[in-house]
Amino acid sequence: MAHAHRSQNSVALVHSQPLIHPQPPVVNAPVGFVPRPVGVINPSFGPVPPFDPASLPQPGFVLNPAVLVRMEHRRSISLLQFMSNEGLIPSPEEELKRKNVIEKLKEIVLTWVKRVAWQRQRPKQQIAVTSATILTYGSYGLGVHGPESDIDALCVGPFFASMADDFFIVLRNMLESRPEVSEIHCVKDAKVPLMRFKFDGISVDLPYAQLKLLYVPENLNVLNPYFLRNIDETSWKSLSGVRANECILQLVPNVENFQSILRCIKLWAKRRGVYGNLFGYFGGVHLAILAAFVCQKNPHANLNVLMSSFFKTFSGWPWPTPVALEDGRLPTGGTRETRALMPIQLPCSPYGYCHSNITKSTFYRITTELTLGHALTRDLLRLDFDWNDIFEPFCYSKKYSRFIKIYLSSSNQDELGDWVGWVKSRFRFLLAKVEEVQGLCDPNPTEFIDPDAGGPNVVFFWGVQPGRINFSDIDVVEDDFMQNINNGGYQGPPGKMNLSVIPTSQLPGYAQLDTGSRNRTKACWRMFNYHQPRVPVFSQHLPLYFVGYAATDKDAKRLDAWS
């Protein structure tokens, strides 16, 4: 006999028979059997019926599926509550503030593109209808951002608005004139050139894509090939982040579940020290695709099952077999990525893979952490299970007996940002050199500041096991790395770098912390100092029309050459 029990969230069939049946175990009964879809439940929906541990099965008994459903339900809710307690979910006020930033940016770029159209002496009817827009991507675009997260936004403009002078000069000057905008830097020599600034206190990264269009729709469909025809390589790269986001959100069976598990996985990766593409670990797009893959394989699972499945799937993944999302298309027979240790295919291209700096050392660290996560989540019935165990910060000072200390300094804070960003962009070469002489290196992504140094500085501590590396070896490593840095095209004021090997006993107090306990700065390759004297620039098409200021002599010469 059964009766229906209805709550605000679900309808369950409650049987009057005992929850535990004293019968021999069924050999083929799946342990993780879920009789019906159980979505992620918001903790604010109401209290969960109390669970009696005495109802757990004893040897020789089979667990009623209803008990397992209830346990998974409760564990999913407890994980969501854990995320909330960690402050990972922005408040409604913070969400509104970000939304307002995006809306204001859209208004600014619309005014900008019409100004550029007038400067370019476009016909009046074209000026009236031309437009540009702002598209978001990254963690904000996927809906998994936190209160302190940056906004990754893409400015998309028409065919006549160039990056060199219209975006980096005209739009930059318009932004600089706004009271809400501060700390503007142009990162021109990155793989994806962009402007970086703060808008109402929120950090914004703004690259640019130029389409062969006069009118750019506000909600541009970046997956429509019509809008992407004949665009240049830089614009294509700038669009790749937005395209990847759109594909992922379209391919996951349940967006809310995907967002929940991605938040959890990102916190896990940061706490365990395996997050940061520049350091040879996972980046945001890597984790987003892995989370989407698990969601596709478990379309009706709740958050608890998704987390367990994530660790189970990728702790046993046969790398370097690529991870690829299913998009309903037949296999294209595209080229396989053979250079990467952990290849992850971009969902918007059968031939594209996520850029990866993973090395043998970081591959070992990642797979070790995945295996540990699987061991902690494989037993769904364990009474002493605690989510804190999964997200326990990795303690480097207890793991390693020696560290490579990387000390970076500069004469002032602005120059330090340029210098640190450039050095971090070359860390993959340093890691390869350290592995060559040491064999294993664990680059802690956390940035520290030495308060006793007496000047602007950033310090990194990379764990190494006892091995061949010594003081003479580290001098050779430093010389080779400095040569690599100097040959890489860095144009900013050079800072100082010093490498040394120290035992754990000499770790300063500020560094004897677990990973994930400090905010990390975002890497940049070049940030121009706009407080220095600048050269006025006038329109190519209206000689008396003032466009703005060029940041450097090099930029001014480049503009003169194009005039």
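The figures here come from the full heavy-atom set of this structure, side chains too, leaving out hydrogens, waters and symmetry mates.
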Do [X] and [Y] come close enough that some side-chain heavy atom pair is under 4.5 Å?
X	Y	result
Asp166	Val113	no
Thr362	Lys360	no
Leu206	Ile134	yes
Met497	Trp419	yes
Phe310	Leu370	yes
Ile406	Val458	no
Glu392	Arg271	no
Leu408	Val459	no

Open item on the list: Salt bridge check, Arg98 against Glu95: does any charged N sit closer than 4.0 Å to a carboxylate O?
Closed with: no
Open item on the list: I'd like to know if Glu183 and Arg196 make a salt bridge, using a cut-off of under 4.0 Å between side-chain N and carboxylate O.
Closed with: no
Under the side-chain contact (heavy atoms from CB on, under 4.5 Å) test, residues paired with [X] that sit two or more places apart:
X	answer
Val285	Ile289, Leu346, Cys354
Gln413	Leu416, Pro456
Asp200	Lys97, Val101, Lys104, Glu180

Of all residues at least two apart in sequence or in a different chain, which pass the side chain to side chain donor-acceptor pair (under 3.5 Å) check with [X]?
X	answer
Ser361	Glu435
Arg365	Glu369, Asp442
Asn487	none
Glu94	Ser91

- [ ] Only counting residues at least two apart or in another chain, list the ones meeting salt bridge (Lys or Arg N to Asp or Glu O under 4.0 Å) with Glu93.
- [x] none
- [ ] With side chain to side chain contact (heavy atoms under 4.5 Å, CB included) as the test, would you mind laying out the steps for Trp462 and Leu430 before giving the verdict?
- [x] CA-CA 11 Å; Trp462 291 8; Leu430 175 59; 3.8 Å; yes
Whether the side chain of [X] engages the backbone of [Y] through a donor-acceptor N/O pair (distance < 3.5 Å, no angle test) should be reported.
X	Y	result
Asp386	Asp389	no
Thr111	Glu107	yes
Ser240	Lys237	yes
Asn457	Asp450	yes
Asn357	Arg428	no

ring-ring contact (aromatic ring centres under 6.0 Å, His included) with [X]: which residues, sequence neighbours excluded?
X	value
Phe461	Phe448
Phe167	Tyr208
His145	Tyr140
Phe391	Phe82

Might you point out which heavy atoms bring [X] and [Y] nearest each other, and give the distance in Å?
X	Y	value
Ile390	Arg272	O-CD, 4.1 Å
Phe168	Pro193	CZ-CB, 3.9 Å
Thr504	Arg402	OG1-N, 3.8 Å
Leu440	Gln438	O-CG, 3.0 Å
Ser139	Asp150	OG-O, 4.4 Å
Phe481	Arg426	CE1-O, 3.2 Å

About how many Å separate [atom2] of [Y] and [atom1] of [X], when rounded to the nearest 0.5 Å?
X	Y	atom1	atom2	answer
Ser235	Met163	OG	CE	5.5 Å
Thr234	Trp236	OG1	CH2	13.5 Å
Thr133	Leu105	OG1	CG	10.5 Å
Lys424	Phe460	NZ	CZ	5.0 Å
Phe427	Leu278	CZ	CG	8.5 Å
Leu239	Glu246	CG	CD	11.0 Å

Task: Plane angle bin for Trp319 and Trp317 - parallel if under 30°, tilted between 30 and 60°, otherwise perpendicular - done: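 Rings of Trp317 and Trp319: tilted, 30 to 60°.
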TODO: Please work out whether the ring planes of Phe282 and His286 are parallel, tilted or perpendicular, with thresholds of 30° and 60°.
DONE: tilted
Open item on the list: Does Lys106 have more than 12 heavy atoms from other residues, nucleotides or ligands lying within 6.0 Å of its NZ?
Closed with: yes
Task: Residue pair Leu154, Ser238: steps toward the side chain to side chain contact (heavy atoms under 4.5 Å, CB included) verdict - done: CA-CA 7 Å; Leu154 174 67; Ser238 298; 3.8 Å; yes
- [ ] In sequence, state the C-alpha distance, the side-chain angles, and the governing distance for Phe394 and Trp268, and then conclude on ring-ring contact (aromatic ring centres under 6.0 Å, His included).
- [x] CA-CA 10 Å; Phe394 185 83; Trp268 163 80; over 10 Å; no
- [ ] Determine, step by step, whether Thr446 and Tyr396 satisfy the side chain to side chain contact (heavy atoms under 4.5 Å, CB included) criterion, reporting the C-alpha distance in whole Å, the side-chain angles of both residues, the deciding distance to 0.1 Å, and the verdict.
- [x] CA-CA 11 Å; Thr446 307; Tyr396 289 86; 5.6 Å; no
- [ ] Please determine, by modelled atom types, if Asp479 and Gln483 share a side-chain donor-acceptor pair under 3.5 angstrom.
- [x]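 Note: Asp479 and Gln483 side chains miss the donor-acceptor criterion.
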Open item on the list: Between Val464 and Phe403, is the side chain to side chain contact (heavy atoms under 4.5 Å, CB included) condition met? List the steps.
Closed with: CA-CA 6 Å; Val464 290; Phe403 290 85; 5.8 Å; no
